[in-house]
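Comments concern the structure below.
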Amino acid sequence: MPELPEVETIRRGLAPVLAGARLVRAEARRPDLRFPLPPDFRQRLTGARIEGLERRAKYLLAPLDRGETLVVHLGMTGRFEVAGANAARRPGSFALAQAPDPRHAHVVFETDAGATVTFYDPRRFGYMDLIASDALGDHPWFQPLGPEPLGADFDAAHLKAAFAGRRAPVKALLLDQRVVAGLGNIYVCEALFRARIHPERAAGGLGARKLSALAESIGAVLREAIEAGGSTLRDYATAEGTLGYFQHSFRVYGRDGEPCVRPGCAGVVARLVQSGRSTFVCGQCQT
DNA sequence: CCCACGACCTGTGGGC
DNA sequence: TGCCCACAGGTCGTGG
């Protein structure tokens with residue numbers, strides 16, 4: 001589920017439940033997700049106060065009052081379910097279309113306000129760790145990350161520098177979290193479509209106008225997606241109609257075989273494979 | 001260093 | 001209906 005807009009949506013939904021709360025229980029129901037959970041996971045969390053809920057790239061960060069930060073990556077299928085303590089009444093809360101499979105409830109948190117927050121992840125590509133807060137920036141997960149695409153230091157000039165001399169397809173570089181942090185397959189396809197750039201173009205060969213359009217398109221699509229509460233594929237449903245409807249605004253992603261939506265364009269969206277992943281493109285207007 | 005590919009793991013949807 | 005294959009929002013390690 002999670003690229004930047006989805007993680008940001010989850011952050012906003014969980015923040016009212018977790019920020020400022022004290023954990024009265026933390027339970028790991030298996031020893032590992034993608035990686036082993038850290039030693040003494042339960043003890044290091046139980047009794048800790050969560051000071052806030054932040055996001056960096058696709059990571060959720062929960063700084064604790066003990067000098068450590070709980071770091072969560074949702075992988076492909078990680079999700080949180082909130083129950084209890086008026087969870088359903090809180091702004092930004094959400095519900096699942098179907099009850100999640102309890103076999104995949106791997107980590108459970110309970111707050112002093114009586115909320116239960118359960119982490120589900122069928123494929124277990126997600127991961128969690130506890131990292132010293134003052135060393136987060138040096139940690140191997142964070143040190144290599146490029147700028148936040150919605151931050152002040154991301155713009156066409158940054159792309160120009162990051163792409164200089166690179167022969168790789170522009171799509172591959174936009175998926176590289178060292179170039180810009182937070183994009184994934186959907187929003188890269190969408191941003192390239194908006195900027196009218198073919199995903200197979202060599203990144204280093206893009207001119208200034210294309211780079212400006214690309215930087216602008218990335219910002220626009222992410223802002224719109226966050227505004228819509230992210231994208232909801234497969235088994236998620238909106239609660240109170242407030243979350244996760246950006247999938248209805250996809251212009252190319254998943255539209256192979258359909259006519260291009262750009263006014264005046266007679267092209268048809270194609271699906272191709274780059275680095276083993278699906279790319280959706282209109283070969284007519286994306287050049 | 002740069003790049004592509006397979007691996008990780010489970011579920012689901014489409015085609016036959 | 002049932003089976004099998006292809007594919008899925010991400011990253012990491014390997015090998016050319």
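In the text below, chain A, chain B and the rest are named by the order of the sequence lines, each starting its count at 1.
- Mapping A:Arg103 and A:Arg34 onto DNA chain B by nearest heavy atom places A:Arg34 at the nucleotide closer to the 5' end.
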Within the sub-3.5 Å range, which N or O atoms of nucleotides 13-16 of chain C have a protein N or O partner, and how far apart are they?
none

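- Pairing partner, C:dT14: B:dA4, with both Watson-Crick or wobble hydrogen-bond distances short of 3.5 Å.
- Between A:Tyr59 and A:Phe142, the ring planes lie tilted relative to each other; the angle falls in the 30° to 60° range.
- The aromatic rings of A:Tyr253 and A:Phe280 sit perpendicular to each other, their planes meeting at more than 60°, with 30° as the lower class boundary.
- Summarising the geometry, the separation between CZ on A:Arg167 and P on B:dC2 is reported as 13 Å, rounded to the nearest angstrom.
- Stacking between A:Phe125 and the base of B:dC8 is present: ring centres sit under 5.5 Å apart and the planes differ by under 30 degrees.
- If you take atom C1' in C:dG9 and the same atom in B:dC3, they sit 23 Å apart, rounded to whole Å.
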Trace of the salt bridge (Lys or Arg N to Asp or Glu O under 4.0 Å) decision for A:Arg22 with A:Asp65: CA-CA 9 Å; A:Arg22 195 171 290 280; A:Asp65 63 353; 3.4 Å; yes

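- Across residues 187-199 of chain A, not one residue has a non-hydrogen atom less than 4.0 Å from an atom of DNA chain C.
- Distance CD1 (A:Ile10) to P (C:dG10): 13 Å, rounded to an integer number of Å.
- Residues A:Ile50 and A:Leu64 are in side-chain contact: their nearest non-hydrogen atoms beyond the backbone lie under 4.5 Å apart.
- Under the Watson-Crick or G-U wobble criterion, with both distances below 3.5 Å, B:dC9 is left unpaired in every strand shown.
- Between the side chains of A:Arg123 and A:Thr77, no donor-acceptor pair of N or O atoms lies under 3.5 Å.
- Ring orientation note: the planes of A:His73 and A:Tyr127 are close to parallel, at an angle under 30° on the 30°/60° scale.
- Here the options are A:Val221, A:Val179, A:Ile218, A:Asp155, the test is side chain to side chain contact (heavy atoms under 4.5 Å, CB included), and the partner is A:Pro149; only A:Ile218 passes.
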